[in-house]
Amino acid sequence: MSIIELIQDGVIKAVKSLYGADISPADITMNSTRKEFEGDYTVVTFPFTRIARKKPDEIAEEMGQFLVREVTHIQQYNVIKGFLNLSVSDSFWRQFLEEIHHNEQFGRQPANGQKVLVEFSSPNTNKPLHLGHIRNILLGWSASQILEAAGYEVVKVQIVNDRGIAICKSMLAWEKYANGATPASTGIKSDHFVGDYYVLFEQKFQEEYKHWQHTEKAQALLAGWLASKEALKAEKELAQKRAKDQKELDAKIAAGTLPDDSTLQDEDYSLGKYFFKGFKDEYFNQYSTLGAEARTMLLRWEEGDEPTIALWRRMNDWVYEGFNETYEKLGVHFDKLYFESNTYLLGKDMVEKGLAERVFYRKDDGSVWADLTDAKLDHKAVMRSDGTSLYITQDLGTAHLRYEDFGVEKMVYVVADEQNYHFQVLFEILKRLKEPYANGLHHLAYGMVDLPTGKMKSREGTVVDADDLIAEVVEEARKNSQERDTLSGISAEEQNAIVNQIALAALKFFIIKVYPQKRMTFDPKESVDLQGQTGPYVQNAYVRVRSVLRKGGELDLSPATAYEKLEAQEREMLAQLYAFPELVQTAAGDYDPSAIANFCYDLAKAYHRFYHDYSILNADTEAAKAFRLQLSRAVANVLKLGMSLLGIEMPERM
RNA sequence: GGUCCCGUAGCUCAGGGGAUAGAGCAUCUGACUUCUAAUCAGACGGUCGCAGGUUCGAAUCCUGCCGGGAUCACCA
């Protein structure tokens with residue numbers, strides 16, 4: 001039994017013995033004692049006033065006496081305004097520390113025999129990875145590590161969107177404009193190389209589109225639209241948008257972030273522009289030459305045309321090579337990759353099964369639907385009238401395939417919160433199809449990443465590239481490292497490795513510490529901070545321990561048993577360490593890496609303060625010295641494991 | 001418009017029924033002959049979006065409103 005359970009048990013007995021009532025652990029409010037008061041755990045006695053018909057202070061007093069008498073490890077108590085603060089005996093903490101200080105895996109739970117699959121990253125192959133992918137990857141990796149620590153067997157996968165019109169655009173642009181250039185011939189990182197051709201396609205297409213807008217055909221279409229009701233609606237919408245933009249601009253000027261003579265002049269609120277913006281897809285599909293060529297290429301790909309497939313393979317391989325470099329820099333890897341080119345036709349047998357079991361119905365036009373209105377969702381199409389698959393059809397099939405591949409009872413999808421509805425629908429359908437893993441599905445949704453200047457928009461070129469960002473934090477860490485001379489004694493190679501560890505700790509911690517479901521603002525300047533509530537701050541606590549342990553050498557730690565009176569700061573850290581295993585379980589249950597990040601920070605903070613206030617190697621007694629070395633080691637172990645659950649490595653020095 | 005997520009210090013975020021709401025950044029002030037100062041201590045900074053309700057007790061739970069975002073395709 002844990003000390004917390006012992007106390008709860010004691011409280012239940014106390015209530016029974018003192019007031020003759022039966023309560024359950026759920027009726028007890030217990031927290032760790034606030035720093036400003038003496039004690040380790042606090043029982044709130046207000047809820048018992050009704051049962052005892054006494055004042056909180058009286059209850060606390062009686063209960064405190066009872067617990068000290070009846071619960072072995074409760075040494076003393078004090079009462080403040082109805083709060084019963086309990087102190088755990090020094091010997092309990094000493095024994096706890098004795099048990100864990102040498103255990104580098106303390107906090108890791110034994111295998112629970114369950115298997116979980118985690119899907120994350122899941123990029124498209126037409127563009128390099130960006131900041132949004134980084135949040136996804138870090139959350140996915142971290143969630144995987146946490147689940148593993150909580151006892152699950154974890155399978156890490158991604159689904160790669162390697163097919164479709166987007167990659168065809170890159171392929172076409174490369175074929176038309178590259179003159180045989182390759183990543184090797186240009187020296188450009190290979191996924192960026194492919195992305196450049198995607199961008200080039202969009203440029204050429206825009207040029208073509210602009211040109212077309214002046215043709216008679218285009219002007220006639222515009223004139224027709226201008227006479228329609230939609231144009232009236234659009235006019236209102238534009239007027240509203242203009243007013244809103246003006247208000248924002250005024251606010252910025254008032255705040256002094258923009259010069260007083262700023263205007264909205266550059267913005268085009270004309271109806272013509274509005275129309276052609278909305279008409280873009282139709283133009284692409286019906287009028288554009290480049291659009292026709294790209295669609296032809298997709299058709300050829302679907303027919304299995306050899307040269308097209310060869311080009312597709314070649315360009316996708318470039319992309320994977322580039323992605324792998326980025327994954328390696330981030331320190332993540334996958335157990336299996338699923339490719340949409342293999343899975344996009346899956347799910348049709350599940351549609352059949354669903355029809356047979358009346359989970360789906362067929363409309364007159366042949367399309368197949370699920371009626372989810374009784375689950376407060378809508379009707380959802382799962383197959384087109386021409387018998388082809390939809391996105392969700394593929395997801396149904398892929399889920400089933402994964403179950404066949406791995407026999408998992410849980411599946412976690414790390415996907416941005418814009419797809420919340422999609423996953424509600426997907427999970428509901430899988431439940432109705434009675435898939436065996438249907439109750440173990442979870443969508444780990446996370447909010448978009450904004451920049452201090454606003455949303456990332458590819459059209460405006462404000463997307464933060466993953467590789468650039470990593471390079472930037474490494475550079476910052478290098479500069480900082482050079483300003484100190486702490487690494488002068490070691491090889492350049494080791495220095496590099498450490499600088500990398502520090503840089504990535506800064507970046508990763510900055511992102512993971514935020515609760516996943518929250519939209520977050522990513523300030524590049526703050527993300528490279530190495531001080532304060534940051535990854536390097538936590539690393540530094542670890543490094544301090546390592547340094548002390550190096551200096552301490554092979555000391556005999558057995559005198560620790562003679563350490564008599566623990567300091568408040570020591571007890572605080574012990575209580576933190578004590579809570580770690582349960583935190584791992586909670587974080588796994590909530591799929592919440594930010595909880596681990598915040599814990600690591602709090603523990604590091606407590607250690608930094610302790611380190612400043614007390615001497616370890618020069619402690620007054622051998623007992624204190626041995627005890628503090630044990631404590632330091634335990635803290636280091638937990639920090640190292642905790643941070644590893646976030647995908648962050650700990651350097652030995654920094 | 002329906003549904004979902006978010007609103008806490010100037011900024012970035014913790015806390016998710018209990019004590020006087022906490023950190024970091026920024027600003028200011030102190031602490032390195034002593035285990036790594038990537039550290040520590042202090043000052044400054046709050047109508048926890050607003051209004052009701054439940055409760056001995058609400059930043060936390062409920063309802064309504066306001067603000068921000070997402071989503072509501074035989075797209076992915």
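The model shown is predicted, which means the values in this text are computed figures rather than measured ones. Side-chain atoms are counted along with the backbone in the values below, which use heavy atoms only and exclude waters and symmetry mates. Here is how names work: the chains are called A, B, and so on, in the same order as the sequence lines, proteins then strands, and each is numbered from 1.
Taking a pair as Watson-Crick or G-U with both hydrogen-bonding distances under 3.5 Å, the stems of three or more pairs touching RNA chain B are B:1-7 with B:66-72, B:10-13 with B:22-25, B:27-31 with B:39-43, B:49-53 with B:61-65.
For the C1' atoms, the distance from B:C48 to B:C6 is 14 Å, rounded to whole Å. Distance check on atom P: B:U34 versus B:C44 gives 32 Å, rounded to whole Å. Separating the C1' atom of B:G68 from that of B:G49 is a span of 11 Å, rounded to the nearest Å. Between the P atoms of B:G53 and B:G1, the separation comes to 27 Å (whole Å). Taking atom P in both B:G2 and B:C65, the straight-line distance is 9 Å, to the nearest Å. Rounded to the nearest Å, the gap between the C1' atom of B:G22 and that of B:A59 is 12 Å. Distance noted for atom P between B:G30 and B:G67: 47 Å (whole Å). B:U33 and B:A43 have their P atoms separated by 25 Å, with the value rounded to a whole Å.
Where A:Lys605 and A:Tyr537 each meet RNA chain B at their nearest nucleotide, the meeting point lying more 5' is that of A:Lys605. Residues A:Arg484 and A:Trp369 both approach RNA chain B. Their nearest nucleotides, taken by heavy-atom distance, put A:Arg484 toward the 5′ side.
Between A:Phe423 and A:Phe427, a ring centre-to-centre spacing shorter than 6.0 Å is recorded.
Side chains of A:Ser632 and A:Tyr607: a donor-acceptor N/O pair is present below 3.5 angstrom, by distance only.
Under the side-chain hydrogen bond (donor to acceptor under 3.5 Å, both in side chains) criterion, A:Gln419 pairs with A:Tyr391, not counting sequence neighbours. Contacts of A:Ser24 classified as side chain to side chain contact (heavy atoms under 4.5 Å, CB included), with partners at least two apart in sequence or in another chain: A:Ala26, A:Asp27. With sequence neighbours excluded, no residue satisfies salt bridge (charged side-chain N to carboxylate O under 4.0 Å, His left out) with A:Glu472. A search for ring-ring contact (aromatic ring centres under 6.0 Å, His included) contacts involving A:His442 returns A:Tyr591, not counting sequence neighbours. Residues passing the side-chain hydrogen bond (donor to acceptor under 3.5 Å, both in side chains) test with A:Thr125, sequence neighbours excluded: A:Asn316. Evaluation of the salt bridge (charged side-chain N to carboxylate O under 4.0 Å, His left out) rule for A:Asp40 yields A:Arg571 as partners, not counting sequence neighbours. Residues satisfying the side chain to side chain contact (heavy atoms under 4.5 Å, CB included) criterion with A:Val514, sequence neighbours excluded, are A:Arg135, A:Lys518, A:Met520.
Taking the syn range as angles within 90° of 0, the glycosidic angle of B:C32 is syn.
Atom NZ of A:Lys380 is separated from atom P of B:U71 by 13 Å (rounded to the nearest Å). The separation between A:Asn285 atom CG and B:C75 atom C1' is 11 Å, rounded to whole Å. Per the geometry, CD1 belonging to A:Ile512 stands 21 Å off P belonging to B:G24, to the nearest Å. Rounded to an integer number of Å, the gap from OH of A:Tyr421 to P of B:A70 is 18 Å. Put simply, OH on A:Tyr601 is 7 Å from P on B:C40, counting in whole angstrom units.
As judged by a 4.0 angstrom heavy-atom cut-off over every strand, A:Lys455 is placed among residues touching the sugar-phosphate backbone only.
Listed by first then second residue, pairs satisfying salt bridge (Lys or Arg N to Asp or Glu O under 4.0 Å) with a partner in residues 612-627 of chain A number zero, not counting sequence neighbours.
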Name the atoms and distances for all side-chain donor-acceptor pairs under 3.5 Å in residues 47-54 of chain A, with sequence neighbours left out.
{"from": "A:Thr49", "atom 1": "OG1", "to": "A:Phe46", "atom 2": "O", "distance (Å)": "2.8"}
{"from": "A:Lys54", "atom 1": "NZ", "to": "A:Glu62", "atom 2": "OE1", "distance (Å)": "3.4"}
{"from": "A:Lys54", "atom 1": "NZ", "to": "A:Glu62", "atom 2": "OE2", "distance (Å)": "2.8"}

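Within the structure, every side-chain polar atom (N or O) of A:Arg384 is placed at least 4.0 Å from both OP1 and OP2 of B:A73.
In terms of heavy atoms, A:Met654 sits closest to A:Gln539 at SD-C, 3.8 Å.
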Counting primed atoms plus P, OP1 and OP2 as sugar-phosphate and everything else as base, spell out the protein contacts along nucleotides 9-21 of chain B at 4.0 Å heavy-atom distance: B, S or - for each nucleotide, 5' to 3'. ---SSS---BBS-
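Residue A:Arg50 places its side chain closer to B:C56 than to any other of B:C56, B:A76, B:A23.
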Please list, pair by pair, any protein nitrogen or oxygen found under 3.5 Å from a nitrogen or oxygen in nucleotides 31-35 of chain B.
{"from": "B:C35", "atom 1": "O3'", "to": "A:Lys551", "atom 2": "NZ", "distance (Å)": "3.2"}
{"from": "B:C35", "atom 1": "O2", "to": "A:Leu617", "atom 2": "N", "distance (Å)": "3.0"}
{"from": "B:C35", "atom 1": "N3", "to": "A:Ile616", "atom 2": "N", "distance (Å)": "3.0"}
{"from": "B:C35", "atom 1": "N4", "to": "A:Tyr611", "atom 2": "O", "distance (Å)": "2.6"}
{"from": "B:C35", "atom 1": "N4", "to": "A:Tyr614", "atom 2": "O", "distance (Å)": "2.3"}

